[in-house]
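Below is one structure, written out as structure tokens; comments come after it.
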Amino acid sequence: MTLKAMVIGGTGFLGLNIMEALLQDGASVTCTRRRGSNTIFARRMGVPLVEADLTDEAALADAMRGREMVFMAATPYPRFSSGAREQIEHAVRMAVTCVRAARRARVNRVVFTSSVATVAQPEQDTPATEDAGPPRPELLAASPYFAMKHAAETAALAEARQGPDLVVLNPTGCVGPYDYRVGTGILIVGIATGRMSHYVDGWVDLADVRDVARAHVSAAFRGQAGGRYILSGETVRVGVLLRDIARRLDTPFHCQELSPAEAIAFADREEERSRRDPRSGRALLSRALVDILLEGGRVDSARARAGLGFHPRPLGEALDNAINWYRRNGFLRPAAPATATMAS
Amino acid sequence: MQTDNPSIEATVHALIAELAGVDAASIRNQDHLMQDLGLDSLQSMELLSRLSETYGVDPDMDEVMAAATVDAVISLIRDILARNMAA
Ligand SMILES: NC(=O)c1ccc[n+]([C@@H]2O[C@H](COP(=O)([O-])OP(=O)(O)OC[C@H]3O[C@@H](n4cnc5c(N)ncnc54)[C@H](OP(=O)(O)O)[C@@H]3O)[C@@H](O)[C@H]2O)c1
């Protein structure tokens, strides 16, 4: 039987990869779009695009009707780190609306893309697991990114107690095709174009988005309702990773290392400049990325490996593939226009 | 689907005016989308995405990324339409 799926956020990075994985499995897929969505990639996949927005529960439920499985890859992440409270409330509303609409439309299951940011990093030097509990309160108070991801996931799980089934996936940073907003891809595009002028060292975990997408499809069938699954790849030091990327790009490495305090101040200043004057270009370093890099640690995807058959490929292969995608699609020209520097 | 060339220019100007929040009459074809009109790269992609839906064309992303001026956007749509016609 053909699976009938809908991907909310199918015009975005993870959503496009989830759609590709579903289509490879022969599923019937519809994709939500908004008026201003970039549909260039989604249209090529030949999937029907349905206009739906997470701000309109009734219309969203209409779009979901007849679909067995909904993939929610559209939970917001902060565009700027100012106005955190409003952004957190917005993310919670979007998550809850998705679950309510799915219930109304009698969808069997929602596969909810969250983030590894909702998993606490243990004090001891052991990898974080799904059972580690939520991030510590000081981090939630200090980082809008962590706070938004945690609040939205918690709200979705709570709402889903009244149905339908909900499975949460917690990916680490994803690299690969279709990151056209240049989220995690800033680590590549920023080095290639020289836009990544500063960085802060720390641990970062990256996985190939194609493996993360495949795990989403698997979660639709094999994931435990109410369960959470970390999808991680390889954990590396940021400085080592950036130098490795420069080597793969065959470009000199000119990125300046900042201390944690300097990096936070620099990112806040950069975001403020960009927010005040969008014409001056995106922030050279986003606060969300700084928070992620400073908080990063080793994570354990044993549950997803055992339960979802998750098999992340080696990081080098993921990076080379992502580099090739950006090169083919014209993102790596030296004069490439300023691109987003927002971690997602 | 629209195909006549003079209207392409008018459609491009109208859409840029909407996205950049400027008066369509003030847009010149030599204007740079980012420096002169203040569109960021995501808005430029939205511009090309919406135009490609209007005209039923399928641009490559590297063509989209390379279109930096109003003129380049108009030429890109015209070229793809001509390419499709010849095919
Ligand atoms: N990228 C990563 O490395 C990564 C890692 C871990 C977790 N995640 C999480 O995965 C999710 C997807 O991330 P992404 O990188 O794929 O982001 P993305 O490329 O920005 O895609 C976001 C998608 O959500 C849609 N969307 C946003 N607001 C919406 C609304 N109100 N109604 C309906 N659709 C809406 C967007 O539609 P438009 O195209 O119209 O804007 C787009 O299709 C996010 O929750 C993110 O935090 C991402």
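Just so it is clear, the values below take in all heavy atoms, side chains as well, and ignore hydrogens, waters and symmetry mates. By convention in this document, chain letters (A, B, ...) are assigned in the order of the sequence lines, proteins followed by strands, and residues within each chain are numbered from 1. Computed from a prediction, not measured in an experiment: that's the story for all the values here.
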Inset, instruction - Answer with side chain, backbone, both or neither: which region of A:Ser280 has an atom nearer than 4.5 Å to a non-hydrogen atom of chain B? - result: neither
Inset, instruction - Using side chain to side chain contact (heavy atoms under 4.5 Å, CB included) as the criterion, list what pairs up with A:Asn324, not counting sequence neighbours. - result: A:Arg327, A:Arg328
Inset, instruction - Kindly give the heavy-atom pair with the smallest separation between A:Arg282 and B:Leu42, and that separation in Å. - result: NH2-CD1, 3.6 Å
Legend entry - For chain A, the option from B:Leu37, B:Leu48, B:Leu47 that forms the most heavy-atom pairs under 4.5 Å: B:Leu37
Inset, instruction - Side chain from CB out, backbone as N, CA, C, O: work out which of these in A:Arg34 comes under 4.5 Å of a heavy atom of chain B, or both, or neither. - result: neither
Inset, instruction - Can you measure from CG (A:Asn329) to CD (B:Glu63) and round to the nearest 0.5 angstrom? - result: 10.5 Å
Legend entry - Qualifying side chain to side chain donor-acceptor pair (under 3.5 Å) pairs with a residue from residues 39-52 of chain A, counting only residues at least two apart or across chains: A:Thr39-A:Arg43, A:Thr39-B:Ser49, A:Thr39-B:Glu53, A:Arg43-B:Ser52, A:Arg44-B:Asp58, A:Arg44-B:Asp60
Inset, instruction - Give, for atom CG of B:Asp62 and atom CG of A:Leu332, the distance between the pair rounded to the nearest 0.5 Å. - result: 11.5 Å
Inset, instruction - Using side-chain contact (heavy atoms from CB on, under 4.5 Å) as the criterion, point out the one residue from B:Gln43, B:Glu46, B:Met61 that pairs with A:Asn38. - result: B:Met61
Legend entry - Neighbour count above 12 (heavy atom, 6.0 Å) for A:Asp250 CG: no
